[in-house]
Trainee: 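Have a look at this one.
Values below: all heavy atoms of this structure, side chains included; hydrogens, waters and symmetry mates excluded. Numbers here simply count residues along the sequence, with the first being 1. Here the structure is a predicted model, which means the values were calculated and not measured.
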Amino acid sequence: MVEEGHLRVLIERVRPEIDGGRYPIKRVVGDRLAVEVDLIPDGHDAVGGALLYRAAAPVGGAEAAGAGGATGATGAAGAADALTGTAGGGWHEVPLERLNANDRFRATFTLSTLGTWEYTVVGWIEAFTTWQRGAKRKVEAGQDVSVELLEGALLLAAAAERASGADVPALKKAAEVVGDTKASTETRLAIALAPETALVAARAPDRARASTYPRVLQVIVDPPRARFSAWYEFFPRSFGEGGKHGTLADAEQVLPHVAAMGFDVVYLPPIHPIGTAHRKGRNNSLKAEPGDPGSPWAIGAAEGGHTAVHPELGTLADFDRFVRMARDHKLAVALDIAFQASPDHPWVKEHPTWFRQRPDGSIQYAENPPKKYQDVYPFDFESKDWRAMWDALTGVFLFWAEHGVKVFRVDNPHTKALPFWGYCLREVKKAHPDAIFLAEAFTRPTLMHALAKLGFTQSYTYFTWRTGRDEIIEYMTTLTKTEVAEFYRPNFWPNTPDILPEHLQTGSRPMFITRLVLAATLSSNYGMYGPAFELMEHVPRPGSEEYIDNEKYELKRWNLESAGSLRHVIQRVNHIRRENPALQQTNDIRFHRAENETVLCYSKQSEDGQSVVVVVVNLDPDHTQASWIEIDLPGITDQDRSFQVHDLLSDARYQWRGRRVYVELDPRVMPAHILKVRRFVRSEHQFEYYL
């Protein structure tokens, strides 16, 4: 441990860092992580430093989770001791490069594998560079530097002791020349003050008194689907022939339709046995009629619980086949994991302490006043048997992961203990680092953010209710331009089986297309309750956002080949997303000023700058709207050159010049433009397009 009195460099403002390193940031495999930091030396001495990183960081167990569930900084004290020397213990390092004169530095490294990575920062005084600066000023002032040259020689000799490879003889030779009192001062100074000499010496710094950042930070590296995905939800039981309860084999017939529209995740509501006790009837009525299938979220019956398949859907072997068939169509299967139980769930009898007992001996069913869910028991996360319950619930994810499911939509995670999620998600990720978890939580932002920090890969959002231009811009700014962007990956859904928002209840085809375009281009992750959105089901239900004749409580019949379907528009939008890297990320978004408040304009650009897309949306579904827009695309609109924009929805092409452009959108034709920017470049003989 370096003595405190010998520390000369203060390390501050490491970014990215969440809550003092308590929680990890998030990236996907292949990303380059850029880390910035202030290295502040006392006085005017030169400073150097390194970014240290390593993969496969160790993680704690249930005890750590019980203390708060965080998965962030670990082992900082021990790591700090190791880092003051060379980068051992599996650590790799990258030199920090100065960004400005105000002590800001940056370095980057590539996250090449899935899992949890660690990183931290070390800083030290560059002794020879500091000496060189002082010696140069004395020479320029005409002062005698004979003693200074001897000091410089000692510093170079010490650096040679620490150096390796070809730097060793180079530094020894430099030390010999600079310290040679018989040589001319000019010869000695030529070596001593050469920039190359300082560079070689800087590669062998004296770290005996280096400062180490007191926290080792973490980054969770997820598969690419964590950043870019399109989800389609449907109920397998609604696709049986002749009005019968559908099976997983029947559901296989839907997979080509979903794949053809360009989705890559097919999401199924719970597929488990459904209880009969207090089974709900149509539209959540208290009394089920004969033949009513019940809610899939009333999980558990005599046939089994969370690791069983509903007998009317088929067997576990049938499910395995469904997963294989989906994979053949390049679709990942996402399962709904709802941690609640029907009164008939085997766990109710086997583990009664996992559920809250009321004073009259009954078990507390789920409530969200005025709503009552008599067919569902919530788990009691204050149970004395909490550890066994935690392991059993974690085992549900592990079970389905072994059957090929690596994507999970988690129902109402905000109503379960937060330390449990810290433990559960970490344990599953240890076994399956490619697992993805979508948090279905519509609650307070702080709680939604906490779930993301604890390990949820993606999160539902308030997009469903953001309809006005200013509120969309404000919301997107929060999601993409604050520290929220480091840990919260938004997944935009225009509808769900629980939510048919007012603007869709009263909406027309243009409104549905508008919400599709916004969801699919504002966020790189989006999804839909598929058949209902695709077929624009929007029966008004005043005072309620739930669908009438809700599929949660009855079998539906969907004609996916309906002439009025949106499937061709959905297919086109998904194709555009796949072909344009600019739309495969969320955070690099720029909004552009439109004079008409019913027109929203924004652009996205890929990291390499080769893909640029401008989206213009008419938020008025009933009237043609036009507007002048101030387009700010650095390197494009600030040049006195024409550029072409290609509307990928209509295939129309427009030539723009400069920042101020005019757009007009008739929602009856198409309420939006998705414009690929094509700049003009002059070849030897003619103008050519690129991008």
Side-chain angles (χ1 to χ4, degrees), residues 16 24-34 53 55-56 108-117 119 218-232 258-259 261-267 323 326-335 397 401 404-410 425 428-439 452 455-461 479-480 484-493 519-528 573-589 604-613:
I25 63 167
K26 293 174 184 168
R27 294 293 188 272
V28 302
V29 68
D31 278 354
R32 287 193 63 79
L33 177 61
Y53 66 93
T108 64
F109 65 96
T110 300
L111 299 160
S112 56
T113 59
L114 297 172
T116 302
W117 291 57
Y119 60 98
Q218 291 188 332
V219 50
I220 293 177
V221 183
D222 290 310
R225 186 175 278 122
R227 174 181 293 156
F228 178 62
S229 61
W231 296 50
Y232 185 96
V258 177
M261 284 192 292
F263 291 95
D264 49 35
V265 178
V266 57
Y267 154 42
V323 172
R327 190 177 298 124
D328 289 345
H329 287 89
K330 299 182 180 179
L331 291 166
V333 173
L335 275 188
F397 288 108
V405 178
K406 298 299 182 68
V407 185
F408 302 95
R409 181 267 198 188
V410 181
L425 301 184
V428 177
K429 287 288 252 183
K430 282 169 61 177
H432 302 279
D434 54 343
I436 290 174
F437 304 90
L438 170 60
F456 278 93
T457 318
Q458 299 176 2
S459 305
Y460 279 71
T461 70
L479 292 175
T480 65
V484 172
E486 296 290 354
F487 60 83
Y488 194 88
R489 294 193 186 103
N491 194 321
F492 281 7
W493 289 66
T521 61
L522 285 170
S523 175
S524 55
N525 292 303
Y526 92 106
M528 64 177 63
V573 169
N574 282 335
H575 176 78
I576 291 169
R577 281 165 46 91
R578 289 189 174 187
E579 293 297 312
N580 292 273
L583 298 176
Q584 296 169 18
Q585 52 80 34
T586 299
N587 294 336
D588 188 355
I589 187 169
K604 286 187 170 184
Q605 181 170 301
S606 61
E607 187 175 2
D608 62 7
Q610 296 303 299
S611 173
V612 182
V613 173

Trainee: Look at the side chain of Thr586 and the backbone N and O of Ser523, then say whether any donor-acceptor pair between them is shorter than 3.5 Å.
Mentor: no
Trainee: Can you check side-chain contact (heavy atoms from CB on, under 4.5 Å) on Met261 and His575, steps first, answer last?
Mentor: CA-CA 8 Å; Met261 284 192 292; His575 176 78; over 6 Å; no
Trainee: Are any side-chain N or O atoms of Asn525 and backbone N or O atoms of Ser229, one a donor and one an acceptor, separated by less than 3.5 Å?
Mentor: yes
Trainee: To the nearest 0.5 Å, what is the distance between OG1 (Thr521) and CD1 (Ile576)?
Mentor: 9.5 Å
Trainee: Classify the side-chain pair Arg227/Ser524 by whether it contains a donor and acceptor separated by less than 3.5 Å.
Mentor: no
Trainee: If you define the side chain from C-beta out and look only at heavy atoms, does anything of Phe397 sit under 4.5 Å from Val410?
Mentor: yes
Trainee: Report yes or no: does Asp588 contribute a side-chain atom to a donor-acceptor pair with the main-chain N or O of Lys604 at less than 3.5 Å?
Mentor: no
Trainee: Check whether any side-chain heavy atom of Tyr119 sits under 4.5 Å from a side-chain heavy atom of Pro16, and report yes or no.
Mentor: yes
Trainee: Determine the minimum heavy-atom distance between Pro433 and Pro223, stating which atoms define it.
Mentor: O-CD, 4.1 Å
Trainee: Taking all atoms of both residues into account, what is the closest heavy-atom pair of Gly455 and Leu425, and its distance?
Mentor: C-CD1, 3.5 Å
Trainee: Flag the pair Arg577 / Tyr526 as yes when at least one side-chain heavy-atom distance between them is below 4.5 Å, and no otherwise.
Mentor: yes
Trainee: Which heavy atom of Ala520 sits nearest to which heavy atom of Val573, and what is that distance?
Mentor: CB-CG1, 3.5 Å
Trainee: Can you see which heavy atom on Ala452 is nearest to which on Tyr488, and at what distance?
Mentor: CB-CD1, 3.6 Å
Trainee: Between CZ of Phe408 and CD1 of Ile436, what distance do you get to the nearest 0.5 Å?
Mentor: 10.5 Å
Trainee: Mind checking whether Trp231 and Trp493 have parallel, tilted or perpendicular rings, split at 30° and 60°?
Mentor: perpendicular
Trainee: Using 4.0 Å as the upper bound for N to carboxylate O, is an ion pair formed by Asp222 and Lys429?
Mentor: yes
Trainee: In this structure, which one of Thr461, Val484, Asn587 forms a side chain to side chain contact (heavy atoms under 4.5 Å, CB included) with Pro490?
Mentor: Thr461
Trainee: Parallel, tilted or perpendicular, judged at 30° and 60°: which one describes the rings of Phe109 and Tyr53?
Mentor: parallel
Trainee: Roughly how far, to the nearest 0.5 Å, is OG1 of Thr480 from CG of Leu522?
Mentor: 9.5 Å
Trainee: Under a 3.5 Å distance rule, please check whether Gln458 uses its side chain to pair with a backbone N or O of Ala226 as donor and acceptor.
Mentor: yes
Trainee: Rounded to the nearest 0.5 Å, how far does CG of Leu583 lie from CG of Asn574?
Mentor: 11.0 Å
Trainee: Is the backbone of Phe456 close enough, under 3.5 Å, to the side chain of Arg489 for a donor and an acceptor to pair up by distance?
Mentor: no
Trainee: Which residue in the set Val407, Val323, Val265 passes side chain to side chain contact (heavy atoms under 4.5 Å, CB included) when paired with Val333?
Mentor: Val323
Trainee: Please find the pair of heavy atoms, one from Phe487 and one from Pro24, that lie closest to each other, and give the distance.
Mentor: CB-O, 4.3 Å
Trainee: Can you measure from CZ (Arg225) to NZ (Lys406) and round to the nearest 0.5 angstrom?
Mentor: 11.0 Å
Trainee: Could you tell me whether the side chain of Arg578 and the main chain of Gly262 form a donor-acceptor pair under 3.5 Å?
Mentor: yes
Trainee: Would you give the length of the straight line joining atom CH2 of Trp117 to atom OG of Ser112, rounded to the nearest 0.5 angstrom?
Mentor: 3.5 Å
